[in-house]
Participant: 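Mind looking over this structure? Questions follow.
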Amino acid sequence: MREGYEGTGPGAITPDGCAVELYSRLPVGDEPEVIAAAVPEGARILELGSGVGRMTHALLERGFTVTAVDESAPMLERVRGARTICGPIEDLDLGETFDVVLLASFLVHAGDVELRRGLLRTCVRHVAEGGCVLIQREGEDYHDNVPRERKDPSGFTVRIASAEPLGDGVNSVRAEYEFPDAVWTHTFRARPLTKEQFEEALAEAGLRVDRYLTEDRIWVRAVAVWAGRAGGEAPTASAPRGDEVGAG
């Protein structure tokens, strides 16, 4: 188990505290539509942190080719129809590039700055020239108004029970998922990022915001800052210019 991460409830628990059985039950939202509208038809997608394949399967149904990566073998056992790779995202180096690299599930908000840097380097390492990186951010009030809960139409309640400061800008967040027949909890460390802090983190990795895909700025399309990449040179970090950053 990663330090600061914990999960409870029936079934296998991953190193970052996620319950495999829980994620097998959770419905996919409108994320596949957001992704499909932002990338070319039939694109090759590298999905980082695919879990049980909730989005993987929806993307496959829309005609995309997906390589699903997760550090949990029990999660990947639930994925059907996609190439799967088991291992830590931050260490991934496949020696190939993709039209789209997908970093969802708020992974960019990892409490450990070095882990976040590793995740973003993996994105840059695997995005093809002319391709894009799609990132899912936390809502900008995610750590506020806690506790709060939402009743999902499919019949369960999700509750953000607490978000306790640990210092250095990191919070310990506890989420609870209550179904009629089971309850799961997930405790994890998250670093809130303002829009400006998020864009600075991207720039450090050699990415810039192409545009925000949703009004709440949760979904972002980023592109690598290529500098004379002839011969396979890596992108270089560059601060985003104001006229390049889309308004949410």
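Sequential numbering from 1 along the given sequence is applied to the chain's residues. For clarity, every value in this text was computed on a predicted model and none was experimentally measured.
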Participant: Does anything in residues 125-155 pair up under ring pair (Phe, Tyr, Trp, His ring centres under 6.0 Å), and if so which pairs, sequence neighbours excluded?
Facilitator: Phe106-Tyr142

Participant: Would Arg137 pass as a cation-pi partner of Phe198, given that its NZ or CZ must be under 6.0 Å from the six-membered ring centre and within 45 degrees of the axis?
Facilitator: yes

Participant: Side chains of Arg189 and Glu3: does their closest heavy-atom pair fall under 4.5 Å?
Facilitator: yes

Participant: Give me the atom names and distance for the closest heavy-atom approach of Leu107 to Leu119.
Facilitator: O-CD1, 3.4 Å

Participant: Are any non-hydrogen side-chain atoms of Leu193 and His109 less than 4.5 angstrom apart?
Facilitator: yes

Participant: Could you state the interatomic distance from CD1 (Ile160) to CG (Asn145), rounded to the nearest 0.5 Å?
Facilitator: 12.0 Å

Participant: Are any of the side-chain heavy atoms of Leu46 and Leu92 separated by less than 4.5 Å?
Facilitator: yes

Participant: For the backbone of Gly29 and the side chain of Glu31, can you confirm whether one donor and one acceptor N or O come within less than 3.5 Å of each other?
Facilitator: yes

Participant: Check this for me, if you would: do Arg78 and Glu21 make a salt bridge, where the nitrogen-to-carboxylate-oxygen distance has to be below 4.0 angstrom?
Facilitator: yes

Participant: Would you confirm whether Asp99, through its side chain, and Arg44, through its main-chain N or O, come within 3.5 Å as a donor-acceptor pair?
Facilitator: yes

Participant: For the CZ atom of Arg121 and the CG atom of Asp93, what is their distance to the nearest 0.5 Å?
Facilitator: 12.0 Å

Participant: Contact between Ile135 and Leu120 at the side-chain level, heavy atoms closer than 4.5 Å - yes or no?
Facilitator: yes

Participant: Under 4.0 Å between a side-chain nitrogen and a carboxylate oxygen: does that hold for Arg148 and Asp141?
Facilitator: no

Participant: For the backbone of Pro27 and the side chain of Arg54, can you confirm whether one donor and one acceptor N or O come within less than 3.5 Å of each other?
Facilitator: yes

Participant: Quick check: closest heavy atoms across Gly131 and Val223, and the distance to 0.1 Å?
Facilitator: O-CG1, 3.9 Å

Participant: Is it true that Leu59 and Leu213 fall in one hydrophobic cluster, defined by side-chain heavy atoms closer than 4.5 Å?
Facilitator: yes

Participant: May I ask you to say whether Arg62 pairs ionically with Glu33, meaning some side-chain N is under 4.0 Å from a carboxylate O?
Facilitator: yes

Participant: Would you name the heavy atoms of Ala68 and Ser50 that are closest together and state the gap between them?
Facilitator: CB-OG, 3.4 Å

Participant: Shortest non-hydrogen contact from Thr97 to Arg125?
Facilitator: CG2-O, 4.0 Å

Participant: Keeping the roles fixed (side chain from Arg217, backbone from Lys195), state whether a donor-acceptor pair exists under 3.5 Å.
Facilitator: no

Participant: When you measure from the side chain of Asp168 to the backbone of Val170, do you find a donor-acceptor pair of N or O atoms at a distance under 3.5 Å?
Facilitator: no

Participant: Closest approach of Gly49 and Ile89, non-hydrogen atoms and distance?
Facilitator: N-CD1, 3.4 Å

Participant: Which residues satisfy the ring-ring contact (aromatic ring centres under 6.0 Å, His included) test with Tyr23, sequence neighbours excluded?
Facilitator: none

Participant: Does some side-chain heavy atom of His57 sit less than 4.5 Å from a side-chain heavy atom of Val79?
Facilitator: yes

Participant: Does Gln136 use its side chain to pair, donor to acceptor, with the backbone of Ser105 at less than 3.5 Å?
Facilitator: yes

Participant: Would you mind reporting whether Thr187 and Ser172 have side-chain heavy atoms less than 4.5 Å apart?
Facilitator: yes

Participant: Under a 3.5 Å threshold, yes or no: a donor from one side chain and an acceptor from the other, between Asp152 and Ser154?
Facilitator: yes

Participant: I'd like to check the ring-ring contact (aromatic ring centres under 6.0 Å, His included) partners of Phe188; sequence neighbours left out, ordered by chain and number.
Facilitator: His186

Participant: Can you confirm whether Arg80 sits close enough to Leu60 that some side-chain heavy atom of one is under 4.5 Å from a side-chain heavy atom of the other?
Facilitator: no

Participant: For a 4.5 angstrom cut-off between non-hydrogen side-chain atoms, does Met75 reach Cys18?
Facilitator: yes

